[in-house]
Each structure stands twice: as C-alpha cells, then as structure tokens.
There are 2 protein chains.
Amino acid sequence: MTEKPGQKAQQEGGRTAAGLDFPRPLTTVDVVIFTIQADALHVLLVQRGQGNSEPFPGAWALPGGFVDVAKDRDLEACAARKLKEKTGVASPYLEQLGSWGSAARDPRGWSATHAYYALMPASVAERALAADAQWFQILGERVKVKLAFDHDEILAAAVQRLRNKVEYTSLPAYLMPEEFTLPELQRTYEIVLGRPLEKSAFRTRMLSADLIEPVAKMRKGPNRPAQLYRLKAAKTPVYFTRTFNPPE
Amino acid sequence: MTEKPGQKAQQEGGRTAAGLDFPRPLTTVDVVIFTIQADALHVLLVQRGQGNSEPFPGAWALPGGFVDVAKDRDLEACAARKLKEKTGVASPYLEQLGSWGSAARDPRGWSATHAYYALMPASVAERALAADAQWFQILGERVKVKLAFDHDEILAAAVQRLRNKVEYTSLPAYLMPEEFTLPELQRTYEIVLGRPLEKSAFRTRMLSADLIEPVAKMRKGPNRPAQLYRLKAAKTPVYFTRTFNPPE
DNA sequence: TGAATAGTGTCTTTCAGACAGTATTGG
DNA sequence: CCAATACTGTCTGAAAGACACTATTCA
C-alpha cells in the first residue's frame with residue numbers, strides 16, 4: 001500500500017490533501033438474505049426507485065447501498081444496518097461472502113461492493129418487511145426476475161456458498177424457529193441441498209454434535225409426537241469432518 | 001443500492017455529479033503471497049517508504065495499494081498486477097480472501113481493502129523479487145515483525161484459510177515445482193498443517209484423485225528413487241469429501 | 001385397527017489410522 | 001551387507017448408506 005495510482009486530471013473521488021488526489025471507486029455493501037418459505041429457499045430483494053436518475057430504475061436488486069462513512073463503523077456494521085432497514089430485525093447469522101469490483105458493473109463509474117449473506121427463520125422474516133422489499137423463490141441458483149448490476153452473479157455465488165457449507169456445517173439451524181424437531185431440521189437441510197438425506201445418519205450426526213438440546217415439549221400432530229429441540233447457547237456454527245452424501 | 005448516505009459538508013471523495021456528492025472511502029487491494037522455503041511457510045512482505053507523509057513509514061506490510069481506476073479492469077486484475085510488480089511473475093493460484101473496511105484501519109480516513117492470497121513455488125519466487133520485498137517465515141499465524149495497518153489480522157486470516165482448505169483440497173500442489181515426488185508433496189502438506197500425516201492414506205488419496213500424473217523420470221538419491229509427478233492440465237483445485245486426521 | 005410419522009437397530013461399505021513388511025537405490 | 005527412503009499390504013475402527021423394524025399418536 002505504498003504507491004498511488006498514476007496522476008490524472010482530477011475526476012470523481014478527488015480530494016486535495018497530500019497524496020490522495022486521485023479518483024476513488026464507489027464503495028457499497030450488499031446483503032443476500034435467505035429464508036425458508038413454503039418448503040423452498042427464498043431471497044429478499046428490493047425494487048429500485050422508478051424513473052429517477054439512478055441506474056436500473058424499477059429493477060429488483062439485493063438490499064444494499066453506499067457505505068456511509070459517518071454512520072458505519074466498519075463493513076459488517078454497514079451490512080447489519082442494511083439488513084435491519086429492510087427486515088426490521090437483526091439476523092442470527094451474517095457472514096461475508098466476497099467482493100465484486102470493476103469498471104463496468106455500475107454505469108456511474110468504477111465501483112466495488114462488499115457482499116454479505118444472512119440466514120433468518122421464516123417466522124422472523126414475516127414481520128416488519130420494508131415496503132419495497134419482497135421474498136423471491138430461488139430456482140437453481142437464480143430468481144425468476146433479472147437483477148440490477150451484477151447481482152445475479154452475487155446471488156449465484158451466495159447460493160453456491162450456502163449449499164457448499166451446508167454439506168459440512170450446522171448453518172441450516174439458523175433458518176429454524178426457536179424450537180424445532182429433528183425431522184424439521186432435516187427437511188431444511190434437504191430443501192437447501194435439493195436432495196434427500198438418510199434419516200438415521202442425519203440424526204446420529206446432529207445428536208452427537210454439540211449443537212442442539214431437547215426442551216421439555218413435543219410437537220403434536222396426527223401421528224407420533226416429535227421431540228422439540230433448540231439451539232444451544234453457543235451460537236457459532238458446528239463444522240463436521242465429512243460431507244453428507246458425497247455426490248458421486 | 002438505492003439510498004445515498006446522509007448529505008454532509010463535502011469532504012474527501014466528493015464529486016459534483018448528480019447524487020454522488022458524498023465522501024467515498026479509500027479502496028485498496030492487498031495480496032498475501034505464500035511459498036515454502038527451508039521447510040517452512042513464508043509470506044512476502046514489502047517495506048514502506050521511510051519518512052514520507054504516508055502512514056506507517058518504514059513498517060513491513062502486505063504488498064498492495066490503491067485500486068487504479070484507469071489501469072485496473074477489476075479487483076482480481078488489480079491483485080494480479082500487485083503480485084506481478086513484487087514477484088515478477090504470475091501466480092499459479094490466486095483467490096479472494098475477504099475484505100476489511102472501517103473508519104479506523106487507515107489514519108488517512110475510512111478505507112476498505114480487498115484481500116487476496118496466492119500460492120507459488122519457491123523456485124519461482126526466488127527470482128525477480130522487488131528490491132523492497134522480502135520473505136518472512138510464518139510463526140503460528142504471524143511473522144516476527146509488527147505489520148502496518150490491520151495486516152496482522154489479514155495475514156492471520158489468510159493462514160487460517162490456507163490451513164483450513166489444505167485439510168480437504170489439493171492447494172499445496174500449487175506450492176510445488178513443476179515436477180515433484182509424492183513424499184515431497186506430503187512434506188508440503190505437513191509443513192502447512194503443522195502435523196505429520198499417514199503416508200499410506202496420503203498416497204491413496206492423492207493417487208485416486210484426478211490431480212497428478214507420473215512423468216517418465218525418477219528422483220535419485222542415496223536411497224530408493226522416487227517417482228516424479230506433475231500436475232495434470234486441469235489446474236482447478238481438487239476437493240476431497242473428508243478432512244485428513246480430524247484434530248481431536 | 002390403520003395411517004402416518006418419529007425414532008432405533010443392524011448390516012454393509014468406505015476410508016482413514018496404525019503399522020508391519022517389501023523394494024530399490026548408494027555406499 | 002547395511003542404511004535410508006520409497007512404496008505396498010493388512011488389520012482395525014469410525015461413521016455413513018441402506019433399509020428394516022419398532023413406537024406413539026389421532027381418527
């Protein structure tokens with residue numbers, strides 16, 4: 001971090017302090033917020049304003065926006081702020097996904113976005129959505145609408161990362177409500193992975209991991225009741241040493 | 001990406017086009033370049049200029065610097081450029097690590113860096129080093145000198161990521177010279193992981209992966225010669241479905 | 001009683017861990 | 001021959017895959 005870019009006629013991002021008078025890229029943060037609804041993985045999108053001077057008017061996009069150097073202490077705080085603004089709540093899981101930056105991705109100029117992804121239970125996500133926000137079902141790695149900027153690509157990367165980590169971590173637990181049964185947790189794994197899992201191996205793995213604890217209640221139904229569990233206090237995800245059903 | 005940050009007196013990063021007249025963070029890219037030297041993991045550091053008006057004069061830092069909106073098409077190209085400037089060569093492996101951004105990490109103001117990490121063979125890395133660059137041995141997750149900015153933290157994250165991925169991928173292959181033996185590859189795994197591996201299981205895993213192919217040569221020594229291998233044409237890393245010796 | 005789902009047990013397969021044993025060079 | 005390292009084989013154990021079996025509710 002020593003040299004500075006070749007001096008050019010002062011364009012966007014300039015400042016006249018010593019050594020910093022060169023153009024700066026735009027800096028944004030975007031958040032891919034996942035939940036499970038109606039037995040399917042969903043992502044939260046917001047519709048961009050119509051007909052103003054900004055790019056992609058009316059298009060659907062990931063929630064996000066410019067870093068506010070006055071409001072945001074750091075990138076994660078910025079992501080948490082965007083998340084709260086659109087959902088009304090904090091997320092039980094928020095992880096950095098990566099960054100995308102290029103001259104071409106935003107018509108307003110060279111820009112770089114720091115992408116995060118978040119998981120939240122459907123029960124939480126149903127309340128307090130922003131007016132311009134809506135849940136979209138994930139089909140493959142995409143949604144049925146064309147997204148603004150390179151958000152299609154970011155979304156696809158988030159889905160891939162989620163599916164990959166679900167193979168060997170307890171991440172789906174963050175998509176569950178406060179109390180849930182083992183078959184419900186297994187169903188969530190299956191929805192994210194898109195394939196069925198063996199009940200026996202699944203139960204063994206989950207119960208031997210230091211992840212969930214039973215509560216003194218059962219889920220009633222038209223059949224044998226199921227034991228209810230909740231996440232243990234330690235909220236960090238559990239990593240397993242093997243994936244589930246190794247694909248081929 | 002719709003709202004813009006609250007308007008303030010125009011500070012650094014301002015521009016007077018419609019809707020973009022708010023301060024922009026500084027945008028940099030840093031690269032953690034690893035190699036193996038003298039049976040130990042090493043990282044490339046550069047010494048910052050002495051006594052100029054920039055922060056951390058004379059301190060060691062990761063190679064990197066500001067994104068140049070005129071030169072760099074995208075972030076990865078910027079990282080590849082920094083890498084080439086310091087080592088004289090391209091790296092066989094370059095992956096994004098994450099981003100670090102906050103108001104505090106750079107005394108010049110709110111800044112965000114996009115961090116990458118790279119792997120290269122010692123043979124390549126020995127030639128054509130920049131004058132201000134030097135290899136430092138990794139001790140634990142650090143080096144023996146205090147680094148500029150938050151580069152200690154970024155380096156620690158890179159070492160963790162590398163160690164973690166080495167458990168279930170073929171990444172160490174990118175630290176090997178053109179031709180190498182299986183015991184040499186195993187030694188590289190052991191250096192990165194910091195623990196011995198079982199010879200038998202290691203050989204079985206490597207040979208059954210579609211990763212390396214024998215060349216019609218042997219490594220001679222004062223003992224039984226060893227078969228030489230090279231990486232197969234497909235250069236993408238191989239992912240295994242289990243880790244090596246699950247710790248504890 | 002039967003449908004439906006929860007939960008367990010059992011056998012097989014896979015692969016790492018451990019480690020002994022064989023192979024091939026130079027001295 | 002011996003030392004040294006390359007390489008192979010064999011036994012064991014842990015955990016997943018497959019799937020049958022038992023358990024408990026409501027209608």
Side-chain angles (χ1 to χ4, degrees), chain A residues 39 166-170 172 176 179-191 193-230 238-248, chain B residues 39 166-170 172 176 179-191 193-230 238-248:
Chain A
D39 261 17
V166 164
E167 292 279 359
Y168 60 92
T169 68
S170 62
M176 306 303 293
E179 298 180 346
F180 53 88
T181 69
L182 276 179
E184 287 165 359
L185 180 59
Q186 181 174 350
R187 184 79 193 110
T188 298
Y189 268 87
E190 291 173 339
I191 289 169
L193 291 176
R195 69 170 193 270
L197 296 178
E198 281 306 311
K199 180 170 53 169
S200 179
F202 182 84
R203 297 179 66 93
T204 307
R205 179 185 281 205
M206 289 304 147
L207 290 174
S208 61
D210 185 36
L211 175 66
I212 55 179
E213 56 191 2
V215 297
K217 274 187 284 183
M218 308 291 276
R219 168 90 71 225
K220 301 275 188 170
N223 45 39
R224 176 172 171 176
Q227 178 65 53
L228 279 167
Y229 294 87
R230 68 168 171 227
V238 172
Y239 285 72
F240 307 109
T241 53
R242 286 179 65 170
T243 62
F244 277 107
N245 192 0
E248 103 261 32
Chain B
D39 261 19
V166 164
E167 292 279 359
Y168 60 94
T169 69
S170 62
M176 307 302 293
E179 299 180 344
F180 53 88
T181 69
L182 276 179
E184 287 164 359
L185 180 59
Q186 180 175 351
R187 184 78 193 113
T188 298
Y189 268 87
E190 291 172 340
I191 288 169
L193 290 176
R195 70 168 194 272
L197 297 178
E198 281 306 312
K199 181 171 48 170
S200 180
F202 181 84
R203 297 180 66 93
T204 306
R205 177 184 283 204
M206 289 304 147
L207 290 174
S208 60
D210 184 36
L211 175 66
I212 56 179
E213 55 191 4
V215 297
K217 274 186 284 183
M218 307 292 276
R219 169 90 71 227
K220 301 274 187 170
N223 44 40
R224 175 171 172 177
Q227 177 65 52
L228 279 167
Y229 294 86
R230 68 167 171 229
V238 172
Y239 285 72
F240 307 109
T241 53
R242 288 179 64 171
T243 62
F244 277 107
N245 193 359
E248 108 263 29

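These numbers come from the heavy atoms of this one structure, side chains and all, not from hydrogens, waters or symmetry mates.
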Selection from C:dA6, D:dC7, D:dT5 that lies nearest to any side-chain heavy atom of A:Pro183
C:dA6

B:Ala201 side chain: which of C:dG7, D:dC7, C:dG17 is closest?
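For B:Ala201, the side-chain atoms sit closest to C:dG17.
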
Go through B:Leu197 and B:Arg195 one step at a time and tell me if the side-chain contact (heavy atoms from CB on, under 4.5 Å) criterion holds.
CA-CA 7 Å; B:Leu197 297 178; B:Arg195 70 168 194 272; 4.3 Å; yes

Side-chain contact test, heavy atoms from C-beta onward, threshold under 4.5 Å: evaluate it for B:Arg187 versus B:Asp39 and give yes or no.
yes

Is any side-chain heavy atom of A:Met218 closer than 4.5 Å to one of A:Gln227?
yes

Within this structure, what is the [atom1]-to-[atom2] distance between [X] and [N], rounded to whole angstrom?
| X | N | atom1 | atom2 | answer |
| --- | --- | --- | --- | --- |
| B:Arg195 | C:dG17 | CZ | C1' | 12 Å |
| B:Asn223 | D:dA4 | CG | C1' | 5 Å |
| A:Gln186 | C:dA6 | CD | P | 9 Å |
| B:Phe202 | D:dA6 | CZ | P | 12 Å |
| B:Gln227 | C:dT24 | CD | C1' | 13 Å |
| B:Tyr189 | C:dA16 | OH | C1' | 15 Å |
| B:Tyr229 | D:dA6 | OH | C1' | 10 Å |
| A:Lys220 | C:dA6 | NZ | P | 14 Å |

Within this structure, what is the CZ-CE distance for the pair B:Arg230 and B:Met176, rounded to the nearest 0.5 Å?
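Result: 15.5 Å between the selected atoms.
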
Within this structure, what is the CZ-CG distance for the pair A:Arg203 and A:Leu185, rounded to the nearest 0.5 Å?
10.5 Å

Could you write out each protein N or O paired with an N or O of nucleotides 8-13 of chain D at a distance under 3.5 Å?
residue, atom, partner, partner atom, Å
D:dG9, O6, B:Ser200, OG, 3.0

What is the nucleic acid contact for A:Pro222, judged by heavy atoms within less than 4.0 Å: base, sugar-phosphate only, or nothing?
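Contact class for A:Pro222: base.
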
Testing B:Val215, B:Leu211, B:Ile212 for side-chain contact (heavy atoms from CB on, under 4.5 Å) with B:Tyr229, which one passes?
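Among the candidates, only B:Ile212 passes.
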
If the plane angle is over 60° it's perpendicular, under 30° parallel, otherwise tilted; pick one for A:Phe202 and A:Tyr189.
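A:Phe202 vs A:Tyr189 ring planes: perpendicular.
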
